[in-house]
*Asks:* 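Have a look at the structure that comes next, please.
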Amino acid sequence: MSFAPSIDSRSAASVERSDSYASYAASAAAFERAPTPRAVRGEIAVELELRHAGRRALRLRYEIQGDRALPAVFVAGGISAHRHLAPSREFAEAGWWESQVGAGRSLDPARHCLVSFDWVGADGALDVAIDPADQADAVAALLDALKIARLQAFVGYSYGAMVGLQFAARHPQRIESLVSISGTHRAHPYAAAWRALQRRAVALGALQCDEAQGLALARELAVLSYRTPEEFAERFGAAQVVDGRVRVDAEDYLDHCGNKYVARTSPTAFLRLSESIDLQQVDPASIRIPVTVVAVGEDRLIPLGDNYELVERLRGETRLRVLRSIYGHDACLKEQSQIDTILREALADCTSAAA
């Protein structure tokens, strides 16, 4: 187990780079001008025994970027993330993590076969309780169908980190290492309370025959839990009286977030995946593979104390990286340079160990 010093958002260079990382970074530059490897999408039918809902027929929708002969890395984000990580020649639309996925980036399809999928329940068709362990079993079923025997790494952020921990505990023979960013082994009661209120907002919207408005409000509450008071103090000013009522400066931003979310998310999908976060329970002592734990000091959903407990209880080689960021839980999406450094180091270590 090793503990690294905190990394301030103004000083990403404070992350110590190993010799293997330096070699990785140098070789990555050679791929920067190479054509983007082929990306493919597909869908498979599986039957899974869900922990709280019995046996169910499901369809898993996936995307692969990179040559299938390269080391496989599974990439998973929060409950709003999906199978499309970044633009490619075949699928040019924006992806949810293009700051880290692409030619010359930390997750380079020229160096890794990147696998991702839409969360079970993301289409809103499955209206039952979904456990993070169910998602981990779905990942294993997808790998079986793709004939991928073992992952070089599982890179998970937020809900994806929780599923990654479940996967490492339930399918240890299928994974060499895990990068767990802003996720942990249990749902903290404070964070669960935030999410419970969000789900009540959806329920109130439904009672008023305006489920979309309820979902928008739930998303706006979620955004407040993702970010920090320090960021809002920098971005927004004082309230003003507009047409006889007081309007807070941040309301337009929050409305934009809510409306954007409603346009792409079904209320059922949100409710069931929000619940799924609160079902997270995994024994860290059952995980014996190398794990890089990435925590954010200002994250109000995943407190540092839970990350410290996770690191103390893991049984494999463990590293802790602590970031400081005004973006809180969203630091993974906003602090691009720091996350890039950590991912390159972790994947370089995987490569060195495999060699």
*Asks:* Would you call Asp283 and Arg313 a salt bridge, using N to O less than 4.0 angstrom?
*Replies:*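 Looking at Asp283 and Arg313, the cut-off is met.
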*Asks:* Are Arg56 and Asp134 ion-paired here, with the side-chain N under 4.0 Å from a carboxylate O?
*Replies:*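 Not counted as a salt bridge, because no side-chain N and carboxylate O are separated by less than 4.0 Å.
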*Asks:* Give a yes-or-no answer on whether the side chains of Glu63 and Ser116 include a donor-acceptor pair shorter than 3.5 Å.
*Replies:*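 Glu63 vs Ser116: no donor-acceptor pair found between side chains.
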*Asks:* Looking only at side-chain N and O atoms, does His329 offer a donor or acceptor that is under 3.5 Å from a partner on Ser225?
*Replies:*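 Ser225 vs His329: no donor-acceptor pair found between side chains.
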*Asks:* Got a salt bridge between Lys334 and Glu298, using NZ or NE/NH1/NH2 to carboxylate O under 4.0 Å?
*Replies:* no
*Asks:* Closer than 4.0 angstrom, basic N to acidic O: yes or no for Asp118 and Arg41?
*Replies:* no
*Asks:* Going by the rule side chain to side chain donor-acceptor pair (under 3.5 Å), which residues pair with Gln213 if we only count those two or more places apart in sequence or in a different chain?
*Replies:* none
*Asks:* Can you run down the side-chain hydrogen bond (donor to acceptor under 3.5 Å, both in side chains) pairs that involve residues 253-271, sequence neighbours left out, and say none if there aren't any?
*Replies:* Arg247-Asp255
*Asks:* Is the shortest distance from a Lys or Arg side-chain nitrogen in Arg227 or Asp330 to a carboxylate oxygen in the other one below 4.0 Å?
*Replies:* yes
*Asks:* Suppose we screen for side-chain contact (heavy atoms from CB on, under 4.5 Å). Which residues come up paired with Glu275, at least two apart in sequence or across chains?
*Replies:*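 Glu275: side-chain contact (heavy atoms from CB on, under 4.5 Å) contacts with Arg199, Arg272.
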*Asks:* Do you know which of Phe167, Phe117, Tyr62 makes ring-ring contact (aromatic ring centres under 6.0 Å, His included) with Phe74?
*Replies:* Phe117
*Asks:* Establish, from distance only, whether the side-chain atoms of Glu335 and Ser325 form a donor-acceptor pair under 3.5 Å.
*Replies:* yes
*Asks:* Just to verify, what does Trp96 make a side chain to side chain donor-acceptor pair (under 3.5 Å) with, not counting sequence neighbours?
*Replies:*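 Here no residue qualifies.
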*Asks:* For the pair His188 (side chain) and Tyr190 (backbone), establish whether a donor and an acceptor sit closer than 3.5 Å, ignoring hydrogens and angles.
*Replies:*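 Between the backbone of Tyr190 and the side chain of His188 there is a qualifying donor-acceptor contact (under 3.5 Å).
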*Asks:* Is Leu197 isolated, or which residues cluster with it under the ILVMFWY side-chain rule of less than 4.5 Å, directly or via members?
*Replies:*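 Hydrophobic cluster check, Leu197: no partners found.
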*Asks:* Linking Ile, Leu, Val, Met, Phe, Trp and Tyr through side-chain heavy atoms less than 4.5 Å apart, which residues share a cluster with Phe91?
*Replies:* none
